[in-house]
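Working notes, beginning with the structure itself.
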Amino acid sequence: MPTTYFVCVDWGTTSFRLWLLSAGGEVKAERRSSQGMALLARDEFSPVLESALRELSVDLMSPVIICGMAGAAQGWQEAKYLDLPTKLDGIPAQAIRVDGSERDIRILPGLAQRLESAPDVIRGEETLILGAQLKGQGDGLYCLPGTHSKWIEVNAGAVTRFNTVMTGELFALLSTSSTLSTYAKSDRSDLYKDAAFEQGVRDAFKDPTTISSLIFSARATPLVFGNDKATEMPARLSGLLIGSEVAAMDRDKPVTLIANGGLEMSYKTAFEITGFTSSSLPSDDLALSGLIYAAEAIWGK
């Protein structure tokens, strides 16, 4: 039966974002919350989704397409990983349908890199890259910074390799649960503006093998030179971790940075310092573009 609406959902580890769209692809409403996978048991995904849909008076005939961690093994229902290389425009055909729902709900799969030397997974980022491709971005190297930064290579429209770096999680752990926490806690999003950030990037990029020593040196600085140096620690720690991350990547390849706000500026600053050629795309609507493409591939226009 024809429907007036369809629904797109980007469901991450710590976030839930839903768009209600007309059959013609116009966004009619949006909902955001922190009800990500980390907070939900398997039987709680459906009530969270249906609660949001009831608020918007969405009927049962309106289908739902989902990307992200809802499809993880510990999520709502597992959408098993696709092996590399994976054509981005072929991912929607591999979406699973959620069991036991009156509504037609599909979840997109993630991707797995099954290399003994570098096993890795992504789930959700592939939809952003698909969105970037739909907006005219071509093959190449993509950087998606975050709690777990993803570096993704695309060749001939297919994801051929990727690398996950735990930069954001390491910063959070070190600044709140380590010997650095006395001085490293910060809620600033503009640490990239500080000279200590830039120096941290330079030091880690110069010799990333010493990153553990460099981090402790940041801890020792206020002890050796006085507490007036303590305010520099959050920016220096951020610079060290990002500098170490980019040092492991191929500087000869132009990078498309997909990020917003402070994360975008932190990585742009690091790229400028270390000699990377980069361009930026805001991440806001890329997931939606990829989800709309997937919906049309599954249910037609």
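Model, not experiment: these values are computed from the prediction. One-based numbering along the sequence shown.
Environment of CZ in R31: crowded, with over 12 heavy atoms of neighbouring residues, nucleotides or ligands closer than 6.0 Å.
With hydrogens and angles disregarded, a donor-acceptor distance shorter than 3.5 Å links the side chain of Q113 to the backbone of A118. Checked by atom type and distance alone, the side chain of E198 never pairs as donor or acceptor with a backbone atom of I273 at under 3.5 Å. A donor-acceptor pair under 3.5 Å links the side-chain atoms of D59 to the main chain of M61, judged by distance alone. Side chain of R251 to main chain of T274: a donor-acceptor pair is present (N/O by atom type, distance under 3.5 Å, no hydrogens or angles). With hydrogens and angles disregarded, no donor-acceptor distance shorter than 3.5 Å links the side chain of E296 to the backbone of A294. A side-chain donor-acceptor contact under 3.5 Å links K150 to the backbone of V121. Side-chain N or O atoms of T269 include one that pairs as donor or acceptor with a backbone N or O of M265 at under 3.5 Å.
A heavy-atom distance below 4.5 Å is not found between the side chains of F16 and L40. For the pair T167/P145, no side-chain contact is recorded, criterion being any heavy-atom separation below 4.5 Å from C-beta on. Counting heavy atoms from C-beta on, the side chains of W19 and D10 come closer than 4.5 Å. Here the side chains of E125 and I152 are in contact, with some heavy-atom distance below 4.5 Å. Put simply, the side chain of S178 does not reach to within 4.5 Å of the side chain of R219, judged on heavy atoms. Looking only at side-chain heavy atoms (C-beta outward), I91 and P109 come within less than 4.5 Å of each other. K206 has its side chain out of reach of R202: every pair of non-hydrogen atoms, C-beta onward, lies at least 4.5 Å apart. Looking at heavy atoms from C-beta onward, R103 lies out of side-chain contact with V7 at the 4.5 angstrom threshold.
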Next on the checklist: Show, in sequence, the C-alpha distance, side-chain angles and deciding distance for D190 and R188, and conclude whether the salt bridge (Lys or Arg N to Asp or Glu O under 4.0 Å) test is met.
Outcome noted: CA-CA 6 Å; D190 62 349; R188 287 177 53 197; 2.8 Å; yes
Checklist entry - Could you go step by step and tell me if L214 and R236 meet the side chain to side chain contact (heavy atoms under 4.5 Å, CB included) rule? => result CA-CA 10 Å; L214 288 169; R236 178 157 176 80; 4.1 Å; yes
Item to check | Derivation of the side chain to side chain contact (heavy atoms under 4.5 Å, CB included) call for L56 and L18 | outcome: CA-CA 11 Å; L56 298 172; L18 178 150; 3.7 Å; yes
Next on the checklist: Please determine whether side chain to side chain contact (heavy atoms under 4.5 Å, CB included) holds for the pair Q94 and T86, giving the CA-CA distance in whole Å, both sets of side-chain angles, and the decisive distance to 0.1 Å.
Outcome noted: CA-CA 11 Å; Q94 305 300 318; T86 300; over 6 Å; no
Checklist entry - Going through the checks in order, is the side-chain hydrogen bond (donor to acceptor under 3.5 Å, both in side chains) test met by S175 and K185? => result CA-CA 5 Å; S175 60; K185 291 177 183 176; over 6 Å; no
Next on the checklist: Checking L128 against L281 for the side chain to side chain contact (heavy atoms under 4.5 Å, CB included) test, could you report, in this order, the C-alpha distance in whole Å, the side-chain angles of both residues, the deciding distance, and whether it holds?
Outcome noted: CA-CA 10 Å; L128 273 76; L281 281 177; over 6 Å; no
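Between K268 and S280 the shortest heavy-atom distance is CD-OG, 3.5 Å. Heavy-atom minimum distance, P119 versus E116: CD-O, 3.6 Å. Across all their heavy atoms, E264 and L257 have their closest contact at O-CD2, 3.5 Å. Residues R106 and A95 approach most closely at CB-CB, 4.2 Å, considering heavy atoms. Of all heavy-atom pairs spanning S283 and N260, the tightest one is OG-ND2, 2.7 Å. S266 approaches F197 most closely through the heavy-atom pair O-CZ, 3.5 Å.
Under the 4.5 Å side-chain heavy-atom criterion for grouping Ile, Leu, Val, Met, Phe, Trp and Tyr, F276 is not connected to V154 through any hydrophobic cluster. A continuous path of ILVMFWY side-chain contacts below 4.5 Å connects V165 to Y192, so both sit in one hydrophobic cluster. When the side chains of ILVMFWY residues are joined at heavy-atom separations under 4.5 Å, either directly or via intervening members, L84 and M249 end up in two distinct hydrophobic clusters. Both W299 and V27 are members of a single hydrophobic cluster when ILVMFWY side chains are connected at heavy-atom separations under 4.5 Å. Cluster annotation: F6 is connected to L108 through the hydrophobic network of ILVMFWY side chains, with a link wherever side-chain heavy atoms come within less than 4.5 Å.
For the pair R123 and Y81, the distance from NZ or CZ to the six-membered ring centre is under 6.0 Å and the angle to the ring normal is within 45 degrees.
Taking CH2 of W11 as the start and CD1 of I107 as the end, the distance is 8.5 Å to the nearest 0.5 Å. With values rounded to the nearest 0.5 angstrom, I211 atom CD1 is found 5.5 Å from L241 atom CG. The distance from the CZ atom of R54 to the CG atom of L49 is 9.5 Å, given to the nearest 0.5 Å. Taking CG of L240 as the reference point, atom CG of L170 lies at 12.0 Å (rounded to 0.5 Å). Distance CG/L130 to CD1/I292: 11.0 Å, rounded to 0.5 Å. L173 contributes atom CG, which lies 7.0 Å from atom CE of M166 (distance to the nearest 0.5 angstrom).
Pairs of residues two or more places apart, or lying in two chains, that qualify as side-chain hydrogen bond (donor to acceptor under 3.5 Å, both in side chains) and include a residue from residues 220-234 are Y183-N227.
For S149 and Y267, the side-chain atoms include at least one donor-acceptor pair closer than 3.5 Å.
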When the side chains of residues 63-76 are checked against the rest of the protein, which donor-acceptor pairs come out under 3.5 Å, sequence neighbours left out?
none

